[in-house]
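Written below as structure tokens is the structure these notes are about.
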Amino acid sequence: MDKQQEIARLEALAYDLRKKLLYLCGTYGGPVHIGGDLSAADLLIALYHYGMNVDPNNIMNPARDRFILSKGHGAVCMYIAMALRGFFDYDEICATYGKLDSAFGMHPCKVHLPGVETSSGSLGHGLSIAVGMALSAKQKGQKHRVFCLMGDGETCEGSIWEAAMAASSYKLGNLVGIVDRNGQLMTSYTEDFIHLEPYADKWKAFGWNEIELDGHNMAEIVAALDSLPAPDSEQPTVLIAHTIKGKGVSFMERDIGWHAGALSEEDLERALKDLEATYGKSGVENNGRNL
Amino acid sequence: MGVTFNFGQFFLSGRTVIGDTLHEIGLKNDKLWVLTPDTGAALKAFKRDCGDRFVDVGIAEQNVVGIAAGLALEGNIPVIMGMIPFMTMRACEQVRTDVCYQNLPVRIIGTGGGLTSEGGSTHNAMEDIALMSSLVNMTVISIGDPNMIRDILWASMKYPGPMFIRLAQGKKDRVIYEEGTMKYEIGKGIIAKEGKDVIIFAHGEMVFQALEAAFRLEAEGISVGVIDMFTIKPLDKELVLRAVEETGRIVVLEDHLMYGGLATAISDLLIDRAVYPKAFRRLGIPQVYAGFGTGEELRAKYGYDTEATVRAVREVLEK
């Protein structure tokens, strides 16, 4: 498959993921973290369907790439991206999400859901765990990578920067941080109170190889994943993916009210129409840069 | 077996025993990783011979616990050596959510238990047992005799789930038991001294003090038993119930807040089982930030030194 076809395939998957997310958000009956799900959707599709070496039929393969969802509230987006890859059953996710004894909860739980590498949900924890996994791989001479998807808001947590320092100090070229830089926290925009900018410079100052990209442009995401240094190189890489919270649904995009929520039947219809207008025709949308 | 005839005369650095033991284990078991947030002075041998499994993260307790969780998820057995207040409070949420929630075999060895740090209330550790005992899946251990550390660390390599191991200063610890005569089993208390009239339960450095008080009272014809409850969680319930049944008079002595530690664990058990001792006294740190001084001075000031222990035993005998 040539690159263009591959990108078109991934775009179609991301469209499907968004539709499935919205459907769940309209039927679950409780709040879903839909804003941050939609900002991370393209990244998660690119990781699970292109960039990472994972096998739904051999989930404990020692050679697999490891993925940590540090922004654990994006769990349902990860579940569905994984379901589209064959890890889980989408209908089961929809039928049981958030219900008693379900493996599919608001935040990923490794104990209940094999295939998830670690439980997460408390923000700022994932990168340290990823450093531990990357150290182990390096010491054992394993060739896989460890990917860690963070929200930009959670990088207010000091522990992220403790981990960032350790990762470059221990020369973890097998570690890839990805920041979903959607510019929003739960109740404000990232530069309203606490300034993350100059953001890329911060990561560089902490010793990371840094790549900025449009996190909704599949060609750019694929190019960034293709350009990752070899796992046995000596510098961790961070992908700063500029994204839009609520991406694809006009009334959700950059709206503080849509950090989490449930869609009424009418809103669901409206949202699906929005998606179709954006993704249904050209399949490519190119204005997601958030600089 | 039991208390050494040289009782209280020999000292050993607990930290040295930790360093030696981790080195011994590390040479034989390549699953062992040793991590520290800048408190690894005793770990030189391990670092020298197992350097690719040694991690010093600088002064960053949250990070060291997260990294340990990541290592454990990959099948390794990480041991963290740090200072108790920072491991159990700064990194409390990482210990709970990254380690205990996932039931990972991370071992946290902390020094500076109770009021022994000599650093004041920032560095004292009076809440750690309460905090760590409240975490689901966590095993909580408090060691007095420095030689015990070797056996516990070896045993910990095969013990499931997370573990917190508390030491006092770990610099000049009193040898209590005759070396090589003891078998330590996690979850089983040690009868350090038999006694018929009163039983003192203690852990960590306070076992020595309890024995000191017991021998003094023995000379007056009062028979005082001492139980070294080095595993606080899971509690050796049978041993507690047997002791209460046999003497009915209990003193609990610990270098920790009086409420939330071993005394609370014991009293909870007794209430749950509707077993009511004739007398029950707890000795430990009251609701204060203790300030400066040596451990011995502070224990005297706050009423749980050897003198206070002797007094407490006399009082429960009158009930």
Side-chain angles (χ1 to χ4, degrees), chain A residues 60 62-64 66-68 70 72 105 107-114 116-142 144 146-148 150 154 157-172 174-175 206, chain B residues 26 29-38 46-47 49-80 82 86 90-106 135-137 160-162:
Chain A
M60 294 311 287
R64 73 194 184 279
R66 311 301 199 258
F67 177 74
I68 292 174
S70 192
H107 302 100
C109 176
K110 183 193 165 67
V111 181
H112 291 120
L113 191 61
V116 167
E117 296 287 354
T118 183
S119 301
S120 60
S122 176
L123 297 174
H125 287 222
L127 195 58
S128 294
I129 297 173
V131 167
M133 288 182 167
L135 274 168
S136 180
K138 192 177 157 106
Q139 187 266 338
K140 292 178 167 68
Q142 298 169 324
H144 60 266
V146 181
F147 292 85
C148 177
M150 295 162 270
E154 74 167 306
E157 297 277 7
S159 52
I160 290 287
W161 301 100
E162 294 181 10
M165 254 191 287
S168 55
S169 301
Y170 281 90
K171 301 186 182 347
L172 300 177
N174 55 354
L175 177 62
F206 277 75
Chain B
N29 185 345
D30 63 7
K31 285 185 173 177
L32 175 68
W33 283 64
V34 176
L35 301 91
T36 182
D38 192 34
F46 186 90
K47 187 182 169 187
D49 294 335
C50 312
D52 61 340
R53 288 177 279 131
F54 176 80
V55 181
D56 189 333
V57 297
I59 303 159
E61 289 79 13
Q62 299 174 74
N63 193 31
V64 85
V65 175
I67 290 175
L71 287 167
L73 283 163
E74 291 294 330
N76 304 292
I77 303 175
V79 174
I80 305 171
F86 316 121
R90 175 73 65 94
C92 187
E93 200 213 356
Q94 275 80 2
V95 173
R96 173 205 179 261
T97 299
D98 300 348
V99 175
C100 292
Y101 179 29
Q102 313 201 76
N103 201 16
L104 298 174
V106 172
L135 301 179
V136 176
N137 293 331

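Lettering follows sequence order; numbering is per chain, from 1.
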Where along residues 123-130 of chain A does a heavy atom come under 4.5 Å of chain B, listed by residue number? A:His125, A:Ser128, A:Ile129

Output the option from B:Leu35, B:Val55, B:Thr97 having the highest count of non-hydrogen pairs under 4.5 Å with chain A. B:Val55

Could you tell me the separation between the CZ atom of A:Arg66 and the CD atom of B:Glu74, rounded to the nearest 0.5 Å? 4.0 Å

Can you give me the closest heavy-atom contact between B:Gly70 and A:Met133, atom names plus distance? O-CG, 3.5 Å

Is there a side-chain contact between B:Leu73 and A:Lys110 in this structure, where contact means two heavy atoms from C-beta onward sitting under 4.5 Å apart? yes

Check: B:Leu71 and A:Leu135 side chains under 4.5 Å, non-hydrogen atoms: yes

Is it true that atom NZ of A:Lys138 has more than 12 heavy atoms of other residues, nucleotides or ligands lying nearer than 6.0 Å? yes

For A:Ser159 and B:Gln62, which heavy atoms make the closest approach, and how far apart are they? CB-OE1, 3.8 Å

At what distance, to the nearest 0.5 angstrom, does CG of B:Asp56 lie from OH of A:Tyr170? 5.5 Å

Please list, chain by chain and in numerical order, all residues satisfying salt bridge (charged side-chain N to carboxylate O under 4.0 Å, His left out) with B:Arg53, sequence neighbours excluded. none

Among A:Ala137, A:Ala166, A:Ser122, which residue forms the greatest number of heavy-atom pairs with chain B at distances under 4.5 Å? A:Ser122

Using every non-hydrogen atom in the two residues, find where B:Tyr101 and A:Ser119 come nearest and quote the distance to one decimal. CE2-CB, 3.4 Å

Using non-hydrogen atoms only, which part of A:Lys140 is less than 4.5 Å away from chain B: side chain, backbone, both, or neither? side chain

